[in-house]
Amino acid sequence: MRLRIPHLHRVALLVFLAISAPPAMAVSPEERLADPALEARARAISGEIRCPKCQSESIDESNADIAKDLRLLIRERLTAGDSDEAIRAFLVSRYGEFVLLKPRFGAHTMLLWLAPVILLGFGGVLVVVSLRRRAFPGPALATEPAELSDDEKRNLAAILKSGNAAPPQGKDT
Amino acid sequence: VRSGVLTSVHAFASDPERGVFILAILLLTIGGSLTLFALRAGTLRQGGIFAPISREGALVLNNLFLAAACAAVFVGTLYPLALETVTGAKISVGAPFFNLTVLPILVPLALLIPLGQALPWKRGDMAAAMQRIGAALAIALIALLAVFGWTYGGPVLAPLGIGLGAWVIAGTLADLLARAFRAGTPLSVNLRRFAGLPRAAFGTAIAHVGVGVTIIGLAATAWDAETIATMRAGDRQRIAGYTLRLDAVTPEIGANFRQDTATMTVFRGDAEIGRIVSAKRIYLARGMPTTEAGLLTRGFSQLYVSVGEVLKDRAIHVRLYHKPFVLLIWLGALVMALGGLVSLADRRMRIGVPQGRKSGAPAPVPAE
């Protein structure tokens with residue numbers, strides 16, 4: 001990866017910030033780039049970078065000074081012609097993967113990204129199996145029918161003999 | 001203001017009252033339902049048999065999707081902690097992850113809502129159900145195409161979201177009407193049959209309409225407009241067909257703060273339609289700046305004004321937002337709750353109450 005920010009550049013940035021930045025706010029007018037396409041890319045990138053200070057916010061929303069620095073940095077590198085991916089890689093090299101609100105897909109996040117798919121698939125299989133089992137009229141009953149009780153056997157014998165159903169006896173019919 | 005079990009490092013103010021309120025809600029819903037489950041677990045039995053294509057089958061599918069969405073949020077929330085414990089690597093899981101995982105699970109669920117409602121209990125006929133709500137599909141497609149054509153060149157996915165919302169609403173209503181209105185019977189009979197539908201049917205329909213309303217509100221956020229500008233008194237800014245004129249920036253002193261108040265007049269065309277007052281406030285004790293956002297509600301849409309820095313020559317940095325139909329998100333939730341209340345007033349729930357209420361008893365009101 002190319003690191004193209006020369007020292008002077010950073011000093012200039014710091015001086016610029018020292019002069020121009022009283023308590024910062026999320027994206028202020030003078031930060032914005034003249035080119036709307038570049039500006040839109042800057043907003044899109046900064047919306048997915050976690051603010052190292054206000055960790056519940058992206059640097060696009062955060063009022064922290066570091067967020068403002070990073071927003072300006074992103075714009076500077078966009079103007080220099082870097083790709084979105086190169087800028088993200090640069091931020092990760094400086095601040096760690098922690099700053100990416102959208103974690104990269106890799107061996108360490110495989111389980112994270114696939115979890116919803118796996119869970120949905122697993123649940124789907126469970127549902128299909130259980131629906132099959134209780135389907136009506138089911139292709140196969142889950143349990144064997146219970147043995148007939150003595151009462152029922154007697155009743156059955158009587159039916160077979162007479163051709164008429166006798167009123168059921170016993171409590172379990 | 002922050003509130004919670006964990007104290008935020010840079011909380012401006014701690015207010016345990018809100019945390020206690022949220023904990024109370026959690027206790028009431030989770031604790032209450034688990035207690036009920038524990039008390040009645042002995043009486044729960046595996047229900048009757050049903051075919052896969054049935055209302056029960058649809059409810060099972062519904063629970064599958066909702067549980068999977070819940071699980072996605074759960075995994076996304078705890079994964080960074082687990083990963084750090086196991087490998088020491090620090091990652092973040094933020095909004096983009098949840099948008100990418102939860103939405104694809106919830107969209108098919110929303111697509112199935114009218115179908116599930118149109119299926120009868122026990123054993124259903126998919127073709128017959130589709131026939132009952134076929135007109136709704138046409139309405140939804142027309143809505144989709146109309147919105148797409150009207151906003152051509154804008155966001156691509158948002159018209160699909162509107163179409164989805166329209167499908168849920170129209171499908172729900174189509175099913176409700178199909179239950180009562182049959183071709184060949186006189187209108188008076190149909191109307192009587194409609195009035196005689198169980199309240200649970202109305203409750204279901206109302207709640208599902210609420211879901212559709214919320215979906216439309218969420219989809220409409222794609223048309224949010226934002227303007228960031230530096231303004232001086234007298235300056236105008238245009239946003240989403242509105243013109244905002246900054247009338248004055250006036251310093252004010254409060255009990256424990258001082259603030260710069262920005263007053264804006266909002267115009268639609270030449271007509272003045274309202275004012276928005278917002279402020280940049282500094283609490284003196286800790287030198288803590290806060291923003292008092294200004295708000296103007298127009299129908300279901302809202303205009304927000306947020307003042308940023310106040311520069312030396314009384315120029316201000318402002319962020320202006322137009323959020324079309326944003327109130328539908330909340331309205332939908334209220335409609336869903338209303339559906340739940342109507343459903344609770346169903347005969348099924350009233351019969352067997354020891355005091356034996358007469359039918360037509362007022363809807364129960366949740367304890368607060």
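Residue numbering restarts at 1 for every chain, and letters A, B, ... go by the order of the sequence lines.
- Only the backbone of A/L100 comes within less than 4.5 Å of a heavy atom of chain B; no side-chain atom from C-beta onward does.
- Most heavy-atom pairs under 4.5 Å with chain A, from the set B/I105, B/T87, B/L100, B/L61: that is B/L100.
- Residues B/V93 and A/P103 come closest through the heavy atom pair CG2-CG, 4.0 Å.
- The backbone N or O of A/F98 sits less than 3.5 Å from a side-chain atom of B/S92, completing a donor-acceptor pair.
- When heavy atoms are compared at a cutoff of 4.5 Å, B/E226 approaches chain A solely by way of its side chain, counted from C-beta outward.
- Shortest non-hydrogen contact noted between B/G76 and A/L112 is CA-CD1, 3.9 Å.
- Residue B/I91 touches chain A through both its backbone and its side chain, counting heavy-atom pairs closer than 4.5 Å.
- Taking 4.5 Å as the limit, some side-chain heavy atom of A/R32 sits within range of a side-chain heavy atom of B/I228.
- Other residues, nucleotides and ligands contribute over 12 non-hydrogen atoms within 6.0 Å of the CZ atom of A/F105.
- Separation of atoms CG (A/L126) and CG (B/L64) is listed at 9.0 Å; rounding is to 0.5 Å.
- Nearest heavy-atom pair, B/A71 versus A/L119, reported as atom, atom and distance to 0.1 Å: CB-CD1, 3.3 Å.
- Annotation for B/Y79 and A/T109: closest pair OH-CA, 3.6 Å, computed over non-hydrogen atoms.
- With respect to chain A, the highest number of heavy-atom pairs below 4.5 Å among B/A68, B/P96, B/A229 belongs to B/P96.
- Atom OG1 of B/T101 sits about 7.0 Å away from atom CH2 of A/W113, to the nearest 0.5 Å.
- Heavy atoms of other residues, nucleotides or ligands lying less than 6.0 angstrom from CZ of B/R258 number 12 at most.
- Contacts of B/T230 with chain A are made by both backbone and side-chain atoms, with heavy-atom separations under 4.5 Å.
- Contact annotation for B/A89: neither backbone nor side-chain heavy atoms come within less than 4.5 Å of a heavy atom of chain A.
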